[in-house]
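Reading through the structure tokens given below for one structure.
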Amino acid sequence: MIRELKTLLAIAKCGSFAAAGNTVGLTQSAVSAQMKNLEEALGLRLFDRTGRSAHLNAAGLRALPLAEQIIETFALMGQPESLDDFRGELRIGAIGTVQTGLLPGTLLRLREEAPGLVPKLVPGVSLNLLSQVDAGDIDLAILIRPPHALAKELHAELIVKEPFVLITPLTIQGDDPLKLIEEHPFVRYDRSSFGGRQVSQFLRKHHLDVRPGLELDELDAIVKMVESGLGVALVPKAGLWLERTPSVRIISLGAATFYRELMLVSRYSTHRSPLHQLFRRCLQESVEGGEGHLGALASSHR
């Protein structure tokens, strides 16, 4: 029945038998046959059928989280006891600065511990990666702490806190960060991103009116814009720009400092699996190798 349960989840996600069939590689009639088999095995109806359409009823909606648990438990049964015996793919989501920062060292350690494992990197912004973990499309992700509570099925753990700083062109004088932000064009961290929302909150908290400038999500690109003299910016101390000597002034926010928090997010039902614990340990070693300290448990939900 594992196959039927996976199809059930695809129907819930895609919204119809036909769309689910395209996702799982079945015809619409084959999807319908699987759902009838599942209903007969359970002894109850999961769908209300009218004409050619079928919609999940109350019993079907109640079955969805249970189906997820069964599939995840079944997957755990197939995991080997020895790390050397791990085979297959681990789907890892990561924001840009993690891809070029913590992840290379983590993946190197992971390869040494489990040589048969094949990591698949899924790049993206935090919001999209969070949705992909929630949907089961990726196994885990390293992203910026969301500004809202996580879904109860997700588990999140703090990895590292990165302080925000003000960066300015070398030609700009002065050491008061709030004054500099108001006096010069502002190169803005994309407001739709989790990190950009933190910048917006900081500006509101300190009642700062900024002069409109560029707005983008790539931190290294923001630094290049500031280096070119296009304005000042609030950015976390993270990214490739720190590996060279940047042509910018880096000004501490002092008592007003706020932080971008990186989280390791996975589904609650799998975060204690040997494979996820192995990845966490490799990630922790990368952090402790010189880029911060692994934080305490941030939050867990079920």
Side-chain angles (χ1 to χ4, degrees), residues 92-107 121 123-130 133 140-148 150 156-168 177-178 180-181 186-206 215-227 232-246 248-265 279-280 282-299:
I92 305 165
I95 60 173
T97 52
V98 171
Q99 295 172 46
T100 56
L102 287 174
L103 204 53
T106 300
L107 294 181
L121 176 60
V125 298
S126 296
L127 180 60
N128 292 342
L129 293 175
L130 184 64
V133 175
L140 46 82
I142 307 170
L143 48 82
I144 303 169
R145 178 196 283 272
H148 51 73
L150 293 179
E157 189 170 358
L158 178 63
I159 299 171
V160 68
K161 296 173 67 174
E162 301 166 336
F164 273 82
V165 294
L166 178 68
I167 57 173
T168 79
L178 303 186
L180 291 172
I181 290 171
F186 192 62
V187 181
R188 191 161 192 151
Y189 196 170
D190 184 3
R191 276 171 280 200
S192 66
S193 68
F194 290 167
R197 294 182 195 181
Q198 289 184 265
V199 171
S200 295
Q201 291 171 358
F202 176 86
L203 297 177
R204 288 196 299 269
K205 178 180 179 181
H206 295 280
E215 183 169 343
L216 56 163
D217 187 45
E218 176 55 52
L219 293 185
D220 292 302
I222 292 175
V223 175
K224 291 294 293 184
M225 298 302 175
V226 173
E227 286 181 325
V232 303
L234 288 168
V235 294
K237 291 189 72 174
L240 290 175
W241 66 280
L242 293 174
E243 297 183 5
R244 57 183 175 84
T245 303
V248 295
R249 296 181 63 213
I250 302 175
I251 301 173
S252 170
L253 299 177
T257 299
F258 61 109
Y259 297 84
R260 186 176 80 160
E261 298 181 341
L262 297 185
M263 315 294 293
L264 176 62
V265 179
F279 181 84
R280 181 195 179 278
C282 293
L283 179 60
Q284 179 177 6
E285 291 172 357
S286 292
V287 172
E288 293 176 346
E291 299 183 34
H293 299 282
L294 191 68
L297 182 66
S299 60

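Worth knowing before you read on, the calculation uses all heavy atoms, side chains too, and leaves out hydrogens, waters and symmetry mates.
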**Asked** How long is the gap from CG on Leu264 to CG on Leu143, to the nearest 0.5 Å?
**Response** 8.5 Å
**Item:** Taking every non-hydrogen atom, the tightest pair across Val187 and Ala233
**Value:** O-CB, 3.2 Å
**Complete:** dist Leu103:CG -> Leu283:CG (nearest 0.5 Å) comes out at 8.0 Å
**Asked** Minimum heavy-atom separation for Leu219 to Ala238, with atom names?
**Response** CD1-O, 3.9 Å
**Request:** For residues Ala141 and Leu129, report the shortest heavy-atom separation together with the two atoms involved.
**Result:** CB-CB, 4.1 Å
**Request:** Would you name the heavy atoms of Pro104 and Gly101 that are closest together and state the gap between them?
**Result:** CD-O, 3.5 Å
**Prompt:** Can Glu218 and Asp190 be said to form a side chain to side chain contact (heavy atoms under 4.5 Å, CB included), step by step?
**Reply:** CA-CA 8 Å; Glu218 176 55 52; Asp190 184 3; over 6 Å; no
**Asked** Would you say the side chains of Ser200 and Arg188 form a donor-acceptor pair under 3.5 Å?
**Response** yes
**Message:** I'd like to check the salt bridge (Lys or Arg N to Asp or Glu O under 4.0 Å) partners of Arg197; sequence neighbours left out, ordered by chain and number.
**Reply:** none
**Close side-chain approach of Ile144 and Val125, heavy atoms under 4.5 Å** = no
**Message:** Show, in sequence, the C-alpha distance, side-chain angles and deciding distance for Val226 and Val232, and conclude whether the side chain to side chain contact (heavy atoms under 4.5 Å, CB included) test is met.
**Reply:** CA-CA 6 Å; Val226 173; Val232 303; 5.7 Å; no
**Ile250 vs Val248 side-chain heavy atoms within contact, under 4.5 Å** = yes
**Asked** Hey, does Tyr189 have a side-chain heavy atom less than 4.5 Å from the side chain of Leu216?
**Response** no
**Prompt:** Which heavy atom in Leu253 sits nearest to a heavy atom in Val165, and how many Å separate them?
**Reply:** CG-CA, 4.3 Å
**Request:** For the residue pair Leu150 and Leu130, establish whether any side-chain heavy-atom pair is separated by less than 4.5 Å.
**Result:** yes
**Item:** Beyond-backbone contact of Val199 with Phe186, side-chain heavy atoms, under 4.5 angstrom
**Value:** yes
**Message:** Between Leu140 and Val265, is there a side-chain heavy-atom distance shorter than 4.5 Å?
**Reply:** no
**Message:** A side-chain contact here means heavy atoms from C-beta on lying under 4.5 Å apart; do Arg280 and Glu157 qualify?
**Reply:** yes
**Request:** Evaluate the side chain to side chain contact (heavy atoms under 4.5 Å, CB included) criterion for residues Leu166 and Ile181: first the C-alpha distance (whole Å), next the side-chain angles of each, then the deciding distance (0.1 Å), finally the verdict.
**Result:** CA-CA 8 Å; Leu166 178 68; Ile181 290 171; 3.8 Å; yes
**Prompt:** Is it true that Arg145 and Glu162 have a side-chain N and a carboxylate O under 4.0 angstrom from each other?
**Reply:** no
**Prompt:** Going by the side chain to side chain donor-acceptor pair (under 3.5 Å) test, which pairs reach into residues 92-101, not counting sequence neighbours?
**Reply:** Thr97-Arg260
**Minimum heavy-atom distance Phe164-Gly195, with the two atoms named** = CZ-O, 4.0 Å
**Message:** Do Ile251 and Leu180 have side chains that approach each other closer than 4.5 Å (heavy atoms only, starting at C-beta)?
**Reply:** yes
**Request:** Carefully, step by step, assess Leu158 and Met263 under the rule side chain to side chain contact (heavy atoms under 4.5 Å, CB included).
**Result:** CA-CA 5 Å; Leu158 178 63; Met263 315 294 293; 3.9 Å; yes
**Asked** Taking only residues two or more places apart in sequence, or in another chain, which ones meet Lys237 in a salt bridge (Lys or Arg N to Asp or Glu O under 4.0 Å)?
**Response** none
**Request:** Just say parallel, tilted or perpendicular for the rings of His148 and Phe194, cut-offs at 30° and 60°.
**Result:** perpendicular
